[in-house]
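Not measured: the values here are computed from a predicted model.
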Amino acid sequence: MIEKVCPFHGIPTPEGRCMRKEFNEEQGIMEECLAVPKDTTTIYWCKKHNIPLFEKICSCCEQEGCDENQIEYIGTDIRPVFPEEQLLIGAILDPSKPLDLLDKSVWHNGSTYVVDGEKVKISIDALNKMSLNDVKKLKDIIEPYITANTDENGEDAFVSKVDYSHFNDVIKRFVQANSDRFKETEKEAIEHIQEWVSKYDKKSMFVSFSGGKDSTVVSSLVMNAVGSNEVLHIFGDTTLEFSTTEKYKNRLKKTVSGAYFRTAKNRIKNFEELCSVYGPPSRVMRWCCTVFKTGAITDSMNKTFKNQTSVLSFQGIRKYESVSRSKYDRDSDSSKIAKQKTILPIFEWTDFDVWLYILTKQIDFNQAYRLGYSRVGCWCCPNNGAWSEFLSKIYMFDKFVHWRNILVDYAKQVGKSDSEEYVDSGNWKARQGGNGLEASKSSILSYEPCAVENDTYNYELQRPIDDQLYELFKPFGTLNFTLGNKLLGEVYVVDRFGNPVLILKGRKGSTTFKVTIKDKKHITEGKINCQITKYQMCCACRACESVCRMNAIKITEDSDGEVTYKIDETKCVHCGECINHFNGGCYMRKVLTIKRGN
């Protein structure tokens with residue numbers, strides 16, 4: 001249900017206020033809770049049928065005439081715990097009885113496990129403090145039932161021998177009892193999709209597919225809405241996918257017509273090599289998303305949709321996933337990929353709704369969820385929770401140890417006194433800036449105003465002048481190489497009437513560069529700094545290419561790491577978005593920013 005819930009105690013407030021009281025130790029009295037209730041979803045538990053409910057009514061009980069007192073509040077959201085995860089939880093609770101939960105109704109409500117309606121708390125922090133030897137012992141307990149083999153491609157292949165009979169009975173009751181909720185959410189989502197499909201040509205839309213449960217549901221909804229499996233899917237392969245994701249993608253390709261499934265992948269960059277240069281991604285600096293996802297998808301979109309300036313993208317983002325995502329609009333222009341119109345059909349759905357849809361429709365999904373992962377993206381993402389980290393120790397032990405070694409090496413590189421504690425405590429996930437990294441020096445500009453010429457600035461570049469520098473001044477106007485003094489390396493930038501807006505001076509191969517601003521109304525010192533910063537720092541992350549709606553920017557990198565940044569003057573409309581979109585002109589500047597003097 002959608003009800004008002006006390007944000008402090010997490011309980012429904014049917015009378016408009018929280019009825020829970022707290023003891024005030026200073027005054028020695030019981031005080032009423034003054035927290036303001038907020039609208040949220042509420043999930044109930046049917047004791048009779050041992051299942052969660054979206055409404056405070058069980059349709060199974062209605063048919064059987066059961067007492068409504070059999071239903072009680074259980075939380076604000078919930079997901080099923082598959083037998084593979086039940087086995088692991090059983091082994092954690094009692095290593096001698098790993099199969100004990102397989103005849104129970106087991107769910108997870110975000111903070112605790114719910115076993116036959118009773119909450120069971122497991123300390124994830126304590127699990128992550130286990131020694132790797134103890135983790136191996138736990139892994140040995142479940143290995144006879146869930147085996148992680150290596151397939152012909154060298155990837156982990158999980159083979160499950162866990163009994164599903166009781167779980168299937170529970171899910172059958174769950175689907176039946178919540179059928180009204182399923183029909184309501186499916187109908188609304190399909191109508192929303194059809195509303196947008198009617199405004200666009202079928203060749204101007206696609207499903208953004210990640211391999212996770214949310215994009216799985218959106219894929220199914222879109223194909224149902226248009227009545228065809230000939231819907232383009234673009235899979236963003238970050239190169240850090242779960243092995244189960246690759247296998248699921250291949251299964252989905254058989255459902256979607258092969259001609260309508262494409263993979264967007266950065267085949268030049270190496271994640272581990274970039275970690276050694278820029279440091280590992282953190283929760284506030286996920287440069288990996290830009291380099292390995294946004295840029296690759298932009299390239300795939302440009303090749304697919306060519307000169308189209310508006311493309312419909314159906315995505316599985318939901319507001320209940322995080323505080324930041326709760327602030328999104330359901331339909332909006334993408335802030336990362338300019339030509340993309342983002343539609344979020346399941347924006348209001350909870351985990352409960354997503355799994356209700358998958359289990360009702362009996363559609364295939366990523367097997368990582370059976371192991372206990374609540375989200376499936378990059379397996380080593382800094383946004384992954386502590387439980388996902390623990391699961392990686394169980395099911396990807398060698399990969400986990402290798403990644404931990406990379407993190408420890410980084411910590412030593414930047415001078416952390418206790419590098420292992422810094423990593424194991426998770427502090428690396430909160431890191432900011434490029435302190436201690438050699439590459440961070442490129443974020444610093446060295447320049448000063450000219451003493452003899454007004455509105456002129458002298459720069460000492462960290463990179464010798466070449467043709468790439470002039471490309472970055474095309475957004476200001478048209479380059480004119482004939483007006484200036486060639487011996488001095490002068491190049492004029494002119495507006496559409498031929499009037500000079502900038503004068504650039506510097507010989508190729510030199511690091512001394514002078515810029516004179518002639519059009520002070522539209523061009524500032526700050527904008528010039530943005531482009532010079534970009535020149536010094538460009539690593540072909542392709543963020544600039546993504547924000548250009550006109551497809552005017554093309555960034556490439558060869559096998560030797562040579563970056564080419566080109567702006568097509570016939571397409572550029574001089575809007576300045578590539579200059580203004582990122583703080584300091586370059587996305588990587590944020591990643592590598594340091595305090596002066598460091």
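- For Tyr164, the ring-ring contact (aromatic ring centres under 6.0 Å, His included) criterion is met by Phe167, not counting sequence neighbours.
- Taking each heavy atom of Thr245 and Ser210 in turn, the nearest pair found is CG2-O, 3.7 Å.
- Considering all non-hydrogen atoms of both residues, Leu344 and Asp329 come closest at CD1-O, 3.5 Å.
- Taking 4.5 Å as the limit, some side-chain heavy atom of Lys269 sits within range of a side-chain heavy atom of Glu557.
- Counting heavy atoms from C-beta on, the side chains of His402 and Glu272 come closer than 4.5 Å.
- Residue pairs that meet the salt bridge (Lys or Arg N to Asp or Glu O under 4.0 Å) test with at least one member in residues 335-349, sequence neighbours left out, are Lys319-Glu348, Asp333-Lys341.
- Side-chain contact check for Thr482 versus Tyr492: every heavy-atom pair is 4.5 Å or farther apart.
- For Asn580 (side chain) and Gly576 (main-chain N/O), a donor-acceptor pair under 3.5 Å exists by modelled atom type.
- The CD atom of Glu195 sits 14.0 Å away from atom CD1 of Ile190, with the distance rounded to the nearest 0.5 Å.
- A tilted orientation is assigned to the rings of Phe209 and Phe235, their planes being inclined by 30° to 60°.
- Looking at residues two or more places apart in sequence or on another chain, you find a salt bridge (Lys or Arg N to Asp or Glu O under 4.0 Å) between Asp237 and Lys265.
- Across every non-hydrogen atom of Ser208 and Ser215, the tightest pair is O-CB, 3.7 Å.
- Closest heavy-atom contact between Ala225 and Gln194: O-NE2, 3.1 Å.
- Classification of Arg330 and Glu188 as a salt-bridged pair holds, one side-chain N sitting under 4.0 Å from a carboxylate O.
- Here Glu389 pairs with Lys429 in a salt bridge; the nearest charged N to carboxylate O distance falls below 4.0 Å.
- Trp387 pairs by the ring-ring contact (aromatic ring centres under 6.0 Å, His included) definition with Phe390, not counting sequence neighbours.
- Of the N and O atoms on the side chains of Thr185 and Asp353, not one donor lies less than 3.5 Å from an acceptor on the other residue.
- Ile146 and Leu371 get closest at one heavy-atom pair: CG2-CD2, 4.0 Å.
- For residues 363-384, every residue pair satisfying the salt bridge (Lys or Arg N to Asp or Glu O under 4.0 Å) rule, not counting sequence neighbours, is listed here: Arg251-Asp364.
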Audit row: Glu241, Glu246, side chain to side chain contact (heavy atoms under 4.5 Å, CB included) steps and yes/no: CA-CA 7 Å; Glu241 309 296 335; Glu246 181 69 21; 5.8 Å; no

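- Between Lys183 and Glu186 no salt bridge is recorded (no basic side-chain N to carboxylate O distance below 4.0 Å).
- In this structure, Trp428 and Trp403 have perpendicular ring planes: the angle between them is above 60°, well past the 30° mark.
- A ring-ring contact (aromatic ring centres under 6.0 Å, His included) check over residues 327-349, counting only residues at least two apart or in different chains, returns the pairs Trp349-Tyr357.
- A side chain to side chain donor-acceptor pair (under 3.5 Å) with Ser546 is found for one member of Thr298, Thr290, Asp299, Asn302 and no other, namely Thr298.
- Rounding to the nearest 0.5 Å gives a distance of 9.5 Å between CG of Leu240 and SG of Cys381.
- Here Tyr260 and Phe206 keep their ring centres 6.0 angstrom or further from each other.
- When ring centroids are compared, Trp287 and Phe271 come within the 6.0 Å threshold.
- How far CD1 of Ile343 is from CD1 of Ile317: 11.5 Å, rounded to the nearest 0.5 Å.
- With sequence neighbours left out, Asp560 forms a side-chain contact (heavy atoms from CB on, under 4.5 Å) with Asp558.
- The ring-ring contact (aromatic ring centres under 6.0 Å, His included) test applied to Phe476 returns Phe473, not counting sequence neighbours.
- Sequence neighbours left out, the pairs with a member in residues 468-479 that pass side chain to side chain donor-acceptor pair (under 3.5 Å) are Glu471-Lys474.
- Atom-to-atom distance recorded for Ile78:CD1 and Phe174:CZ is 8.5 Å, nearest 0.5 angstrom.
- Between Tyr373 and Tyr395, the angle of the ring planes lies from 30° to 60°, which puts this pair in the tilted group.
- Between Trp355 and Tyr369, the ring center distance clears the sub-6.0 Å criterion.
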Gln315 vs Gln340, side chain to side chain contact (heavy atoms under 4.5 Å, CB included): CA-CA, chis, key distance, verdict: CA-CA 11 Å; Gln315 300 183 13; Gln340 181 173 271; 3.1 Å; yes

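- For the pairing with Pro281, the side chain to side chain contact (heavy atoms under 4.5 Å, CB included) check across Cys288, Cys289, Cys378 returns one residue only, Cys288.
- Taken to the nearest 0.5 Å, the OH atom of Tyr200 stands 3.0 Å off from the OG atom of Ser310.
- Nearest heavy-atom pair, Tyr248 versus Gly211, reported as atom, atom and distance to 0.1 Å: CD2-O, 3.7 Å.
- For residues 201-229, every residue pair satisfying the salt bridge (Lys or Arg N to Asp or Glu O under 4.0 Å) rule, not counting sequence neighbours, is listed here: Lys213-Asp351, Asp214-Arg318.
- Counting heavy atoms from C-beta outward, Pro475 and Ile567 have side chains that approach closer than 4.5 Å.
- The closest side-chain heavy-atom distance from Met537 to Arg589 is below 4.5 Å.
- Lys361 NZ: more than 12 foreign heavy atoms inside a 6.0 Å radius.
- The shortest side-chain heavy-atom distance between Lys590 and Asn583 does not fall under the 4.5 Å cut-off.
- Counting only residues at least two apart or in different chains, ring-ring contact (aromatic ring centres under 6.0 Å, His included) contacts with residues 522-568 are absent.
- Looking only at side-chain heavy atoms (C-beta outward), Val231 and Val256 stay at 4.5 Å or farther from each other.
- In this structure the side chain of Ile234 reaches within 4.5 angstrom of the side chain of Leu232, judged on heavy atoms.
- The ring-ring contact (aromatic ring centres under 6.0 Å, His included) search around His108 returns Tyr113, not counting sequence neighbours.
- Heavy atoms from other residues, nucleotides or ligands lying under 6.0 Å from NZ of Lys199 number more than 12.
- Atom NE2 in His581 sits 12.5 Å away from atom SG in Cys530 (nearest 0.5 Å).
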Stepwise side-chain hydrogen bond (donor to acceptor under 3.5 Å, both in side chains) check, Thr76 with Thr41: CA-CA 5 Å; Thr76 57; Thr41 57; 5.2 Å; no

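- In summary, of the residues considered (Asp467, Leu469, Asp466), a side chain to side chain contact (heavy atoms under 4.5 Å, CB included) with Lys508 occurs for Asp467 alone.
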